Chemist: 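There's a structure below that I have some questions on.
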Amino acid sequence: MLIMAGKFIQLHGINRLAFYLLNWMHGILEMKSYSFAALLLLFWVFLSGHLGPLLLGLGLVSVALTVFLSQRMNVIDHESYPLHLSSQLPAFIVYMFKEIIKANIDVIKRVLQWQGSTISPQLVELPALQKSDLGRVVYANAITLTPGTVSIELSQDTILIHALTEEAAEELATGSMAKEVSSRVFDE
Amino acid sequence: MIIDILSWVCLFAGGMLGIVGGIGIHRFPDFYSRLHAAGITDTLCAMLILFGLGLQAGFTLAAFKLALIFVFLFFTSPTASHALANAALHSGLKPKLVMNGRGVGS
Amino acid sequence: MFIAVSLAILITMGLALARALTGPTTYDRIAAVNMFGTKTVLLIAVLAFLSGRTDLLDIALVYALINFIGVVAALKLVTQKNFHSSGEKERKVE
């Protein structure tokens, strides 16, 4: 290690080495990587359930490796901690569960009607008025998560939707789900 | 005791919904409408079965892992459905549509 | 009772497999395989409780992630005919 460092100084000078070291330290000392590491460690402990020194040590090593790699890949960014989301997120999750159950019952009924199919597939284009990319993604995911509607194409300000029935398409077109997303997830 | 009965009801309903979804992917006429039937098994069926198992587990690490499976499924299944539908549309697969009136011909 | 639930899941997996074998388009097959994978995760979870070895839940957890990555990789292979191009170029050509 020392010999390598000596060779490096011979080749590039001491300033260059200090520069690299400082850069590395700067990355290490960033606050976000600390909270990220703490989160990963918590995750490890909960998944393994063992608190022996060997397993905790292995966990520490793998957490350090993961934080190092994700720093090199630059994936710890401003969207990894969604703290800017609204405090009404639990209410939104409850709303989603209700919608999922309602839509499921409807689709199950249509599957089990034996004589004559009652589905009427539709392609609908809906406006996506969410301001951020994250908002549009949450909206499209909410649409896809309720059976009976699938988002097919997401462009700048519209979403193309395939709906199993006319009723499902009409209910989405009233925009109540879009309102829920923007008011309960983003405080808009 | 009540928790046990509730968990059995959830597990049983989840299994039945899985079969309903399986019937659905054979009954519906084209690829896009089959995605909706697959959606039943991805959402409510998975929800009920995992919830029933969680009631059996109680407050343990196993329940935490079940909740984690649940969260992963609920993030990945709509993404996979969207990717499938998007790829199918871009490859030129046309959905069978009904604009007015009810019922699909075939 | 766990046995009944795992039987129901197995029936569903059989139906999905039948769709994967008969599906007219490639996308039908991939959707059926995706459903098969989701059912596999649930089956492993139920089996973990059936055998009383909750360690199996870790496998279910990993399988849920691998299933998603596998479906996306299969889609990429089908739409682009290879794994190495980024996909942006093809969109422009269309």
Side-chain angles (χ1 to χ4, degrees), chain B residues 4 7-8 10-12 14-26 30-32 34-35 37-42 45-46 48-50 52-54 56-57 60-66 68-73 75-77 79-81 83-93, chain C residues 1-2 4-20 22-32 34-39 41-46 48-49 54-58 60-65 67-72 74-76 78-80 90-91 94:
Chain B
D4 240 15
S7 103
W8 292 132
C10 279
L11 283 172
F12 190 73
M16 285 302 114
L17 283 191
I19 296 178
V20 168
I23 295 169
I25 59 167
H26 285 271
D30 74 325
F31 163 72
Y32 295 94
R34 277 177 208 136
L35 268 186
I40 300 177
T41 62
D42 279 352
C45 166
L48 283 172
I49 288 182
L50 290 177
L53 289 178
Q56 288 284 322
T60 51
L61 274 186
F64 174 73
K65 282 174 195 168
L66 285 173
L68 221 54
I69 293 174
F70 179 77
V71 170
F72 282 153
L73 279 186
F75 274 109
T76 55
S77 86
T79 316
S81 293
L84 267 167
N86 196 349
L89 191 78
H90 275 282
S91 78
L93 186 64
Chain C
M1 193 62 193
F2 284 129
V5 176
S6 44
L7 274 182
I9 295 176
L10 279 174
I11 292 172
T12 315
M13 285 167 83
L15 286 170
L17 210 54
R19 178 44 82 194
T22 60
T25 66
T26 319
Y27 300 102
D28 278 305
R29 293 174 210 270
I30 299 177
N34 183 23
M35 186 173 153
F36 189 82
T38 314
K39 295 289 110 179
V41 174
L42 293 180
L43 184 67
I44 294 173
V46 173
F49 279 80
T54 46
D55 303 342
L56 281 177
L57 286 178
D58 291 330
L61 199 60
V62 172
Y63 204 94
L65 295 176
N67 178 40
F68 172 66
I69 295 173
V71 165
V72 172
L75 258 185
K76 197 168 155 75
V78 166
T79 51
Q80 291 166 212
E90 208 194 39
R91 282 287 154 79
E94 276 177 359

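Since the model is a prediction, treat every value here as computed from it, not as a measurement. Chain naming here is simple, since letters A, B, ... match the order of the sequence lines and numbering starts at 1 in each.
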Chemist: If you define the side chain from C-beta out and look only at heavy atoms, does anything of B:Ile25 sit under 4.5 Å from C:Met35?
Modeler: yes

Chemist: For C:Val72, is it the side chain, the backbone, both or neither that has a heavy atom under 4.5 Å from a heavy atom of chain B?
Modeler: neither

Chemist: Checking heavy atoms, do the side chain of C:Leu61, its backbone, both or neither come under 4.5 Å from chain B?
Modeler: both

Chemist: Would you indicate whether B:Phe64, at its atom CZ, is surrounded by more than 12 heavy atoms from other residues, nucleotides or ligands within a distance under 6.0 Å?
Modeler: yes

Chemist: Of all heavy-atom pairs between C:Leu42 and B:Ala46, which one has the smallest distance, and what is that distance?
Modeler: CD1-CA, 3.8 Å

Chemist: I'd like to know which of C:Leu65, C:Asn67, C:Thr25 tops the heavy-atom pair count under 4.5 Å against chain B.
Modeler: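 Among the listed options, the one with the most contacts to chain B is C:Leu65.
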
Chemist: How long is the span from the CG atom in C:Leu57 to the CG atom in B:Leu61, to the nearest 0.5 Å?
Modeler: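 The CG atom of C:Leu57 sits 10.0 Å away from the CG atom of B:Leu61.
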
Chemist: How close do C:Ala60 and B:Ile69 get, heavy atom to heavy atom, and via which atoms?
Modeler: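 In terms of heavy atoms, the two residues are closest at CB-CD1, 3.7 Å.
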
Chemist: Does any backbone or side-chain atom of C:Ala31 lie under 4.5 Å from a heavy atom of chain B? Answer side chain, backbone, both or neither.
Modeler: both

Chemist: Would you say that C:Phe49 contacts B:Leu66 through its side chain, given a criterion of any heavy-atom pair below 4.5 Å between the two side chains?
Modeler: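 C:Phe49 reaches B:Leu66 side chain to side chain.
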
Chemist: Against chain B, work out which of C:Val5, C:Asp28, C:Leu7 has the most heavy-atom pairs shorter than 4.5 Å and name it.
Modeler: C:Asp28

Chemist: Determine the minimum heavy-atom distance between B:Ala80 and C:Val71, stating which atoms define it.
Modeler: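 What the structure gives for the nearest pair is CB-CG1, 4.5 Å.
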
Chemist: For C:Leu75 and B:Ala87, work out which heavy atoms get closest and say how close.
Modeler: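 Heavy atoms only, the tightest pair is CD2-CB, 3.7 Å.
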
Chemist: Distance from B:Phe31 atom CZ to C:Thr26 atom OG1, nearest 0.5 Å?
Modeler: 10.0 Å

Chemist: Tell me, for C:Ala18 versus chain B, whether the close heavy atoms (under 4.5 Å) come from the side chain, the backbone, both or neither.
Modeler: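 C:Ala18 touches chain B through backbone and side-chain heavy atoms alike.
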
Chemist: Are any non-hydrogen side-chain atoms of B:Ile49 and C:Ile9 less than 4.5 angstrom apart?
Modeler: yes

Chemist: With a 4.5 angstrom heavy-atom cut-off, which part of C:Phe2 approaches chain B: side chain, backbone, both or neither?
Modeler: both

Chemist: I need the residue from B:Lys65, B:Arg34, B:Met16 with the largest number of non-hydrogen atom pairs under 4.5 Å to chain C.
Modeler: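 When all of B:Lys65, B:Arg34, B:Met16 are compared, B:Arg34 has the most.
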
Chemist: What closest approach, in Å, do C:Leu15 and B:Ile19 show between heavy atoms, and which atom pair accounts for it?
Modeler: CD1-O, 4.0 Å

Chemist: With a 4.5 angstrom heavy-atom cut-off, is it the side chain or the backbone of B:Ala57 that approaches chain C, or both, or neither?
Modeler: both

Chemist: Can you find a heavy atom in the side chain of C:Thr38 that is under 4.5 Å from one in the side chain of B:Thr41?
Modeler: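 Counting from C-beta outward, C:Thr38 and B:Thr41 never come under 4.5 Å.
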
Chemist: What part of B:Leu35 gets closer than 4.5 Å to chain C, counting heavy atoms only: side chain, backbone, both or neither?
Modeler: side chain

